[in-house]
Amino acid sequence: MSATQHRVRAHVALGAGLAALSSTVAVAQPPGETIEGAGEIVITAQKRPELAGEVPLSISVIDGETLQAARLSQADDIAALVPNLRFSATVGENTPIFALRGVSMSDFSLNQAGPVATYYDEVYKGNFAFLGVQLYDLARIEVLRGPQGTLYGKNTTGGAINYLAERPRFENGGYLKAGIGNFGRAEGQGALNLAISSTLAARIAFTAARADGWFRNRLAGSPNLSATREYGVRGSILWKPSDSAELVLRLSTSLQTPQNYGTYSVPGPGGTGAGVYEAYGRGMSYFRTGIGKREIEANFTPRRRARTWSAALTGTFRLSDNLSLVSVTGWDRGSLFVPEDTDGSPTRTLEIPYTDRGTQFGQELRLAYDGDGALSLILGLHHHREDLFNATDLNFWTDLDVDGNGRVDVDDCSANASLMACAISNRFDQRKRSWALFGDAHMKLGTRTGLRGGLRFTRDIGLQAGLTSQVRGVDGVLVATPILPLDRSFAGSNLSGKIGIDHKLADGTMFFASYSRGYRASGFNAQAFFDAAEAGVARPETIDALEAGAKTRLAGNALAVAVTGFHYIYRNQQFLSVDPADATQTLVNLDRSRIYGAEIELEARPTSEIAAQIGVGILHARATQGMIGGLDVSGHSLSNAPSLTLNAAVAATIWERGPARMALRGDASYTSSQFFEIVNIPRLRQPGYALLGASVDYARGPMILSIWGKNLGDKVYFTSSIDLSGFGFDYNHVGTPRTYGATARVSF
């Protein structure tokens with residue numbers, strides 16, 4: 001049987017959407033590195049190759065076969081596979097705000113970097129504008145829970161998510177995949193791998209998809225919203241001039257231009273518009289009469305646009321048998337335009353276009369020593385710089401004829417002090433620079449016990465330059481300048497660290513415990529509009545984390561088990577505090593929170609034809625001290641922190657005859673009730689919900705035919721909620737409805 005047929009059979013039999021402790025796939029290692037461990041994936045989460053089951057921390061790995069089988073296409077798909085991982089989508093699914101163990105960013109501003117860091121092939125993607133289209137031709141995704149302040153640095157108080165693309169190989173081959181689905185979906189993916197010479201290999205991969213909007217727009221002549229229109233291309237070159245050196249260059253670009261997302265904006269007692277239209281005798285407020293939660297009557301429907309360009313160069317050089325040097329260089333340029341019909345109605349009560357564009361550059365150098373003795377060591381330098389431009393427009397009641405003269409112009413804006421019939425906008429440039437020195441060591445104490453520890457010193461500076469706010473009439477005429485151009489800056493240093501111990505029993509069971517500190521840098525308020533006093537700088541936030549757990553394999557390695565418990569003290573969490581009455585927004589720090597919980601992950605492979613996985617996340621995340629918007633929130637649940645998350649998947653080969661095989665796969669996830677804001681407003685509480693998915697795969701030779709479905713119960717659930725009662729409504733993002741389709745994939 002050919003290598004291609006082996007891969008196809010493995011995909012059908014065991015590609016079951018399993019996000020668990022280990023996998024059956026091995027990946028290429030840096031020069032000279034070999035690890036034995038059949039049945040387990042080799043990961044690089046700790047910047048060194050290790051077996052997933054032997055890494056003494058809480059980590060979930062989604063391998064490439066799982067990514068294909070689970071049809072992952074956006075952030076909520078990933079969250080459904082990993083215990084205690086959640087996300088919110090206040091400004092769209094392609095700008096996800098991840099939450100790990102209740103640690104999240106409570107700010108939807110596009111200039112911010114969240115506390116769960118995102119990395120693409122070891123390159124930090126600090127801003128939404130650089131994310132783009134990435135869920136294609138991946139080797140794996142590694143989700144590291146808990147502070148990662150030593151090896152990953154700032155902005156990892158919650159953890160890190162690593163996307164690792166397939167590397168070029170010294171073989172010729174590839175695949176093509178095409179599919180169709182409901183909502184008129186058409187998609188294609190593929191990759192071509194070429195062995196150009198004995199030292200040079202190349203790989204090019206692409207993805208493209210289009211789909212009609214599933215958020216039905218009932219307003220005559222207006223398009224449906226929440227559509228898909230995107231492509232991504234990634235080219236990689238591997239040059240390996242000797243056994244002691246290799247360079248991998250990756251170039252990629254992506255473009256998304258869909259109809260923007262729709263919102264389920266629920267009118268309050270006075271309707272969307274809060275009775276303002278009636279008060280001025282200029283019509284009626286809006287009440288969403290007779291339409292469903294996935295329907296909208298939106299009159300502001302420009303296309304969303306996200307464009308990315310990136311380049312990354314990774315060099316690995318073996319300096320001696322025990323010493324290697326790794327260089328990671330990354331450059332990104334991105335732009336993001338999000339034209340939001342915030343009120344989701346035919347009125348123009350509130351519309352917010354967001355603009356974000358920027359460039360970033362990062363450079364990391366690491367020396368890794370792994371001798372024959374007890375000590376292994378990593379020492380490194382890191383530099384990162386980011387330059388952004390942000391603009392936000394708040395358009396208030398811009399269809400309201402305030403003065404009653406039959407037209408809406410600058411006079412309507414000037415005629416009132418409440419900014420009705422006005423557009424207020426801000427603009428600023430943001431520059432951040434970061435330098436770090438770090439070290440991480442592992443010391444063996446005998447044959448079964450080890451000590452791990454590390455330190456990282458970081459120096460950060462930031463400048464918010466030329467912040468300006470202006471009020472204009474609907475016709476663009478300037479009315480006022482609430483904030484004249486001003487600058488805000490910060491500078492600070494931080495020392496983060498980690499120390500831990502691990503011990504193995506004779507049967508391979510590993511116990512581990514650690515203390516670590518995480519650090520998130522200061523941030524600028526992007527939502528200052530009405531007064532210079534709003535243009536604050538949030539202090540850095542920190543987490544002190546205790547973690548302990550165990551990993552083992554039972555029943556002749558047929559069952560893998562990982563259990564982890566954790567306890568956090570969370571200080572100075574950065575919060576965007578929104579006043580629902582007038583939309584005034586300030587960036588503040590919540591004094592203190594307490595978080596504790598556990599994860600349990602099980603993976604069973606009783607036979608070569610059956611695979612199953614279960615993940616459980618238990619979480620208690622509460623504020624213990626602090627004021628938000630003048631309210632004491634002590635005892636309140638943190639945002640995006642459900643007390644229970646469950647995920648499960650099972651796949652089984654049900655029929656096999658000669659080269660043909662058929663497999664069934666099913667998966668399920670459950671999220672208990674949660675809030676998306678710290679005030680814990682009862683009407684904005686998201687009740688618990690479950691999502692179900694399934695697929696049937698038929699393989700024959702190099703061909704795989706699949707029928708699949710996600711959210712088969714067509715469950716309606718929210719991924720974010722905001723109280724905007726001052727405008728007469730509550731703002732909600734709705735999760736993706738039932739989707740289904742068929743795909744064909746051929747390998748060559």
Side-chain angles (χ1 to χ4, degrees), residues 89-95 97 107-112 127-129 131 213 215 217 219 222-223 225-227 229 255-263 265 272 296-308 334-358 388-400 408 410 413 419-430 466-479 482-483 525-530 576 578 583-585 720 722 724 727 729 731-733:
T90 304
V91 285
E93 281 70 21
N94 72 334
T95 53
I97 300 172
D107 185 355
F108 51 81
S109 303
L110 297 182
N111 69 320
Q112 299 289 26
N127 186 261
F128 293 121
L131 296 182
F215 221 116
N217 199 340
L219 198 64
S222 296
L225 302 183
S226 297
R229 185 174 178 176
L255 176 65
Q256 296 168 295
T257 57
Q259 295 299 147
N260 200 36
Y261 54 79
T263 63
S265 296
T272 297
I296 198 170
E297 293 179 308
N299 57 359
F300 181 60
T301 60
R303 287 188 180 274
R304 180 188 186 96
R305 180 179 173 86
R307 182 64 155 156
T308 65
S335 62
L336 182 61
F337 175 61
V338 184
E340 180 183 88
D341 191 339
T342 312
D343 58 60
S345 80
T347 74
R348 307 200 70 175
T349 298
L350 181 60
E351 297 163 355
I352 309 179
Y354 301 89
T355 301
D356 177 29
R357 59 178 181 263
L388 301 176
F389 169 78
N390 259 230
T392 306
D393 302 313
L394 304 180
N395 300 318
F396 299 141
W397 288 279
T398 51
D399 56 351
L400 180 63
V408 181
V410 67
C413 180
L419 297 179
M420 290 176 288
C422 297
I424 182 167
S425 62
N426 71 11
R427 305 285 189 273
F428 62 87
D429 293 297
Q430 178 175 292
L467 172 64
T468 306
S469 172
Q470 295 182 331
V471 178
R472 296 180 181 272
V474 175
D475 51 11
V477 177
L478 181 66
V479 174
I483 303 177
N525 185 15
Q527 306 301 324
F529 291 94
F530 306 106
L576 185 67
V578 181
T584 301
Q585 301 167 88
S720 69
I722 300 175
L724 291 177
F727 296 89
F729 64 93
Y731 170 94
N732 302 280
H733 265 269

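As the structure is a prediction and not an experimental result, all values here were calculated from the model.
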For the residue pair Gln470 and Pro482, what are the closest heavy atoms and their distance?
-> CA-CD, 4.0 Å
Please check if the side chain of Thr347 supplies one atom and the backbone of Ser345 the other of a donor-acceptor pair under 3.5 Å.
-> no
Does the ring centre of Phe428 sit less than 6.0 Å away from the ring centre of Phe389?
-> no
Does a donor on one side chain sit under 3.5 Å from an acceptor on the other, for Asn390 and Asp356?
-> yes
CZ of Phe337 to OG1 of Thr355, rounded to nearest 0.5 Å, is 5.5 Å
Taking the side chain as C-beta and beyond, is there a heavy-atom pair between Ile296 and Leu225 under 4.5 Å?
-> yes
First locate atom OG1 of Thr349, then atom CZ of Phe729, and finally report the distance between them rounded to the nearest 0.5 Å.
-> 7.0 Å
So do the side chains of His733 and Tyr261 get within less than 4.5 Å of each other, counting heavy atoms only?
-> yes
Between the main-chain N or O of Arg304 and the side-chain N or O of Asn260, is there a donor-acceptor pair closer than 3.5 Å?
-> no
Heavy-atom nearest pair, Thr263 first then Thr342, reads OG1-O, 3.6 Å
Student check: side-chain heavy atoms of Arg472 and Val479 closer than 4.5 Å = no
Side chains of Asp393 and Arg427 in contact at under 4.5 Å (non-hydrogen atoms) = yes
Given side chains that start at C-beta, do those of Ser265 and Asn732 come closer than 4.5 Å, heavy atoms only?
-> no
With a 4.5 Å limit on heavy-atom distance, are the side chains of Asp343 and Phe727 in contact?
-> no
Trace of the side chain to side chain contact (heavy atoms under 4.5 Å, CB included) decision for Cys413 with Val474 | CA-CA 8 Å; Cys413 180; Val474 175; over 6 Å; no
Euclidean distance, Asn426 CG relative to Gln527 CD, rounded to 0.5 Å | 6.5 Å
Thr468 and Ile483: side chain to side chain contact (heavy atoms under 4.5 Å, CB included), yes or no, with the steps?
-> CA-CA 5 Å; Thr468 306; Ile483 303 177; over 6 Å; no
Measure the CD-CG distance between Gln112 and Asp107 for me, rounded to the nearest 0.5 Å.
-> 4.5 Å
Specify the closest pair of heavy atoms between Pro339 and Arg303, including all atoms of both residues, with the distance to one decimal.
-> CG-O, 3.5 Å
To the nearest 0.5 Å, how far apart are CD in Glu351 and CD in Glu340?
-> 10.0 Å
Side chain to side chain contact (heavy atoms under 4.5 Å, CB included) between Phe108 and Thr95, worked out = CA-CA 9 Å; Phe108 51 81; Thr95 53; over 6 Å; no
Looking only at non-hydrogen atoms, find the nearest pair between Ser226 and Gly262 and report the distance.
-> OG-N, 3.1 Å
Specify the closest pair of heavy atoms between Pro346 and Asn299, including all atoms of both residues, with the distance to one decimal.
-> O-ND2, 2.6 Å
Check step by step if side chain to side chain contact (heavy atoms under 4.5 Å, CB included) holds for Ser425 and Leu394.
-> CA-CA 6 Å; Ser425 62; Leu394 304 180; over 6 Å; no
Does Arg305 CZ have over 12 foreign heavy atoms under 6.0 Å away?
-> no
Would a 4.5 Å heavy-atom cut-off, applied to side chains only, mark Leu400 and Val408 as touching?
-> no
State, yes or no, whether a side-chain contact exists between Ile352 and Asn395 at a heavy-atom distance under 4.5 Å.
-> no
Work out which heavy atom in Phe529 is nearest to a heavy atom in Thr392; give both atom names and the distance.
-> CE2-O, 3.5 Å
Has the side chain of Ser109 got a donor or acceptor atom that lies under 3.5 Å from a matching backbone atom of Asn111?
-> no
Which of parallel (below 30°), tilted (30 to 60°) and perpendicular (above 60°) describes Phe530 and Phe396?
-> parallel
When rounded to the nearest 0.5 Å, the distance separating CG of Asp429 from CG of Leu388 is 9.0 Å
Any donor-acceptor pair under 3.5 Å from Gln259 side chain to Thr301 backbone = yes
Determine yes or no for a side-chain-to-main-chain donor-acceptor pair under 3.5 angstrom, with Asn525 supplying the side chain and Gln585 the backbone.
-> yes
